[in-house]
Amino acid sequence: MTKYGSFPGARPRRLRTTPAMRRMVAEHRLHPADLILPAFVREGISEPVPISAMPGVVQHTRDTLRKAAVEAVEAGVGGIMLFGVPEDAKKDAAGTVGTDPDGILQVAIRDVRAEVGDDLVIMSDLCLDEYTDHGHCGVLDADGRVDNDATLERYAEMAQVQADAGVHVVGPSGMMDGQVGVIRDALDQTGHEDVSILAYTVKYSSAFFGPFREAVGSSLKGDRKTYQQDPANLRESLRELALDLEEGADMVMVKPALPYLDVLAKIADEVDVPVAAYQISGEYAMVEAAAEKGWIDRDKAILETLTGIKRAGANMILTYWATEAARGL
C-alpha cells in the first residue's frame, strides 16, 4: 500500500481542472475598455490602402476611419489613437501641415469627435515625424541634428491645434526633453485644461518599429537613436518617468511592449497614474506572419500576448487587434 505521506503536500493542479475553475481563479483579466486602437488616416485617397507589412491594417480614408471608430465603440474599446498621413507634397522641414488646423490629423480628430462624441477616448499622436520631409520627430539645426528646444515650440503649437479640433488626450511621442511640461503649459494657456497628456515616457529605439514606417509613409533616412532610448537601459526609463510626472503627465506609456515587459513592470510598480503599453507594428507583424505560416494559433497568440502585457502592469494596451480582441472578450 502506498503511504499517504509520499503524495505531494500541495496540488496547484486542482485549480486548473476545468475552464470554469481557471476562469474563476485567474489573476488578471482583459477587458475591452483596456484596449486602445491605433488608426492611420491618409490624405488624398478614396479607398483604404492596405499596409503590406501589417496584414489586416489599413491607411483609412476619412469615411472608413469614422466607421472604424463606430465599430470600436460598439465593441467596447476604450480609446482610439489617431495618426495622420499627409500627402508627400505637403511635407517640409518644419512639418508645417502638423500644425495646420486643416491638416489631415486635425480633420480626422474633428471627424471622429463628430461621429462618436465622448463615447470613445479620442487620442492623437503629437509628433512631427509624419509631416517632415526628413522624417525626424523634430526640426533640424544647421548641422542636421534634431533641435530639442526648437522642436518643443512646434509641439506646443501642435497641442493647441489638436485640442482645438476636439481631442481628449494628446500623446507626445517624440522623446524631446521637456516635452510634457511645454505641452501642459500650452494646453493650459489656451483654455484646454481638461485635455490629458499620455506621455510616451519610455520609448526605445527599436527594430520592431519597421512596419510602422510604411503605415505613416515615413521619409526617415537613418535612425532616431539620439532621442529614443537605448534598449540596453532600464534606469534611464525611471529618470524619464520622474521627469514626465514632474512636468504634469496624466498617464505614462512604455513602447514597445513585449520586448520590454520588465521595464513595464518596473514602471507600473513606481507610479500611481495609469500606465499604458503599446504593442507595436513589429509585434503585430510577427504574430500575423507566423500564424499565416501555420506555425502558431493566431487567436490564442493574440490573447496570450495581450494578457502578458496586462500581467506586467499595463492598465491600457494600444494594439492593432483592439476591436477584434474586444469582440472576443
Practice task
Could you tell me how the ring of Phe40 sits relative to the ring of Tyr320: parallel (under 30°), tilted (30 to 60°) or perpendicular (over 60°)?
Solution key: parallel

Handout entry: Test item: Val146 and Thr151 side chains (from C-beta on) under 4.5 Å apart, heavy atoms
Key = yes

Handout entry: Exceeds 12 heavy-atom contacts within 6.0 angstrom, atom NZ of Lys310
Key = yes

Handout entry: Check: Val41 and Val112 side chains under 4.5 Å, non-hydrogen atoms
Key = no

Practice task
Following the transitive rule for hydrophobic clusters with a side-chain heavy-atom cut-off under 4.5 Å over Ile, Leu, Val, Met, Phe, Trp and Tyr, establish whether Met176 and Leu243 coincide in one cluster.
Solution key: no

Practice task
Just grab all the salt bridge (charged side-chain N to carboxylate O under 4.0 Å, His left out) pairs involving residues 278-305, residues at least two apart or on different chains.
Solution key: Glu288-Arg298, Arg298-Glu324

Practice task
Go through the steps for Met81 and Leu37 under the test side chain to side chain contact (heavy atoms under 4.5 Å, CB included), then give the verdict.
Solution key: CA-CA 6 Å; Met81 175 67 80; Leu37 176 68; over 6 Å; no

Practice task
Say whether Leu306 and Phe208 are linked into one hydrophobic cluster, either directly or through other cluster members, by side-chain heavy-atom distances under 4.5 angstrom.
Solution key: yes

Problem - Ser196 and Val169, any side-chain heavy atoms less than 4.5 Å apart - result: yes

Handout entry: Non-hydrogen side-chain atoms of Phe83 and Ser173 separated by less than 4.5 Å
Key = no

Problem - Expected output: side-chain Asp244 to main-chain Ala199 donor-acceptor under 3.5 Å - result: no

Handout entry: Ser124-Gln162 side chain donor-acceptor pair, cut-off 3.5 Å
Key = yes

Fill in the blank from the handout: Rounding to 0.5 Å, atoms CE (Met316) and CD1 (Ile309) come to a distance of 13.0 Å

Practice task
Step through the shown structure and confirm whether more than 12 heavy atoms of other residues, nucleotides or ligands are within 6.0 Å of CZ on Arg29.
Solution key: yes

Exercise for the section: Provide the closest heavy-atom pair for Gly174 versus Cys127 in the form atom of the first, atom of the second, distance. Expected result: CA-SG, 3.7 Å

Exercise for the section: Look at the side-chain heavy atoms of Ile, Leu, Val, Met, Phe, Trp and Tyr, link any pair under 4.5 Å apart, and say whether Val85 and Val58 land in one connected group. Expected result: no

Handout entry: Other residues, nucleotides, ligands: >12 heavy atoms within 6.0 Å of Arg145 CZ
Key = no

Practice task
Please test Asp88 against Lys91 for salt bridge (Lys or Arg N to Asp or Glu O under 4.0 Å), starting from the C-alpha separation and ending with a verdict.
Solution key: CA-CA 6 Å; Asp88 284 343; Lys91 295 181 181 182; 3.6 Å; yes

Practice task
Test the Lys203-Phe209 pair against the cation-pi criterion, namely NZ or CZ under 6.0 angstrom from the six-membered ring centroid and within 45° of the ring axis.
Solution key: yes

Practice task
For residues 164-198, pull every pair meeting ring-ring contact (aromatic ring centres under 6.0 Å, His included), keeping only residues two or more places apart or in separate chains.
Solution key: none

Practice task
Go through the steps to decide whether Ile267 and Met253 satisfy the test side chain to side chain contact (heavy atoms under 4.5 Å, CB included), and finish with yes or no.
Solution key: CA-CA 9 Å; Ile267 294 292; Met253 184 195 294; over 6 Å; no

Exercise for the section: Start with the C-alpha distance between Val273 and Asp250, add both sets of side-chain angles, then the distance that settles side chain to side chain contact (heavy atoms under 4.5 Å, CB included), and finish with yes or no. Expected result: CA-CA 7 Å; Val273 299; Asp250 299 288; over 6 Å; no

Completion exercise
When rounded to the nearest 0.5 Å, the distance separating CD of Glu246 from CG of Leu241 is 11.5 Å

Exercise for the section: Report whether Leu264 and Leu238 are members of the same hydrophobic cluster (ILVMFWY, side-chain heavy atoms less than 4.5 Å apart, transitive linking). Expected result: yes

Handout entry: Within 6.0 Å of CD in Glu193, more than 12 heavy atoms from elsewhere
Key = yes

Practice task
Check whether any side-chain heavy atom of Ile197 lies under 4.5 Å from a side-chain heavy atom of Met251, and answer yes or no.
Solution key: no

Handout entry: Polar side-chain atom of Gln179 near backbone of Met175 as donor-acceptor pair, under 3.5 Å
Key = yes

Exercise for the section: Give the ring-plane orientation class for Tyr260 versus Tyr204, where under 30° counts as parallel, over 60° as perpendicular and anything between as tilted. Expected result: parallel

Handout entry: Backbone of Pro55 reached by a side-chain donor or acceptor of Tyr284 within 3.5 Å
Key = yes

Problem - Reported OG1-to-CZ distance for the pair Thr18 and Arg16, which is rounded to 0.5 angstrom - result: 13.0 Å

Practice task
Quick one: closest heavy-atom pair of Ala301 and Val287, and the distance?
Solution key: CB-CG1, 4.1 Å

Practice task
Evaluate the side chain to side chain donor-acceptor pair (under 3.5 Å) criterion for residues Gln229 and Ser205: first the C-alpha distance (whole Å), next the side-chain angles of each, then the deciding distance (0.1 Å), finally the verdict.
Solution key: CA-CA 5 Å; Gln229 289 175 236; Ser205 181; over 6 Å; no

Exercise for the section: Give a yes or no on whether Glu47 atom CD has more than 12 heavy-atom contacts from other residues, nucleotides or ligands under 6.0 Å away. Expected result: no

Handout entry: Arg42 and Thr61, any side-chain heavy atoms less than 4.5 Å apart
Key = no

Completion exercise
Taking every heavy atom of Thr132 against every heavy atom of Ala93, the minimum-distance pair comes out as CG2-O, 3.8 Å

Handout entry: Lys/Arg-Asp/Glu bridge criterion (N-O < 4.0 Å) met for Arg184, Asp188
Key = yes

Practice task
May I ask you to decide if Val275's main-chain N or O and Asn315's side chain share a donor-acceptor pair within less than 3.5 Å?
Solution key: yes

Problem - Pair Arg110 + Asp102, salt bridge at N-O below 4.0 Å - result: yes

Completion exercise
In terms of heavy-atom contacts, Ile183 and Ala159 come closest through CG2-CB, 3.8 Å

Problem - Val180 backbone acceptor or donor facing Glu247 side chain under 3.5 Å - result: yes

Exercise for the section: Kindly compute the distance separating CZ (Arg22) from OG1 (Thr17), expressed to the nearest 0.5 Å. Expected result: 7.5 Å

Completion exercise
Rounding to 0.5 Å, atoms CG (Leu65) and CZ (Arg62) come to a distance of 9.5 Å

Problem - Sidechain-backbone polar pair: Thr190 side chain, Ala186 backbone, donor-acceptor under 3.5 Å - result: yes

Practice task
Could you list all the salt bridge (charged side-chain N to carboxylate O under 4.0 Å, His left out) pairs where at least one residue sits in residues 152-172, not counting sequence neighbours?
Solution key: Arg154-Glu157

Problem - Sidechain-backbone polar pair: Asp147 side chain, Leu140 backbone, donor-acceptor under 3.5 Å - result: no

Exercise for the section: Verify the neighbour count for atom CG of Asp272: are there more than 12 heavy atoms of other residues, nucleotides or ligands below 6.0 Å? Expected result: no

Handout entry: Interatomic spacing from CG in Leu35 to CG in Leu318 - rounded to 0.5 Å
Key = 9.5 Å

Exercise for the section: Specify the closest pair of heavy atoms between Ser237 and Val202, including all atoms of both residues, with the distance to one decimal. Expected result: OG-CG1, 3.4 Å

Practice task
Answer yes or no: is there an ion pair linking Glu74 with Arg327, defined by an N-O contact shorter than 4.0 Å?
Solution key: no

Handout entry: Test item: side-chain donor near acceptor, Asp92 and Thr96, under 3.5 Å
Key = yes

Handout entry: Joint hydrophobic cluster, Val107 plus Tyr131, side-chain heavy atoms closer than 4.5 Å
Key = no

Handout entry: Asp118 bridged to Arg113 by N-O distance under 4.0 Å
Key = yes

Problem - Any side-chain heavy-atom pair of Gln106 and Val161 under 4.5 Å - result: yes

Problem - Closest heavy-atom pair and its distance - Ile36, Ile80 - result: CG2-N, 4.0 Å

Problem - Test side chain to side chain contact (heavy atoms under 4.5 Å, CB included) applied to Leu82 and Ile109, step by step - result: CA-CA 7 Å; Leu82 302 178; Ile109 292 168; 4.0 Å; yes

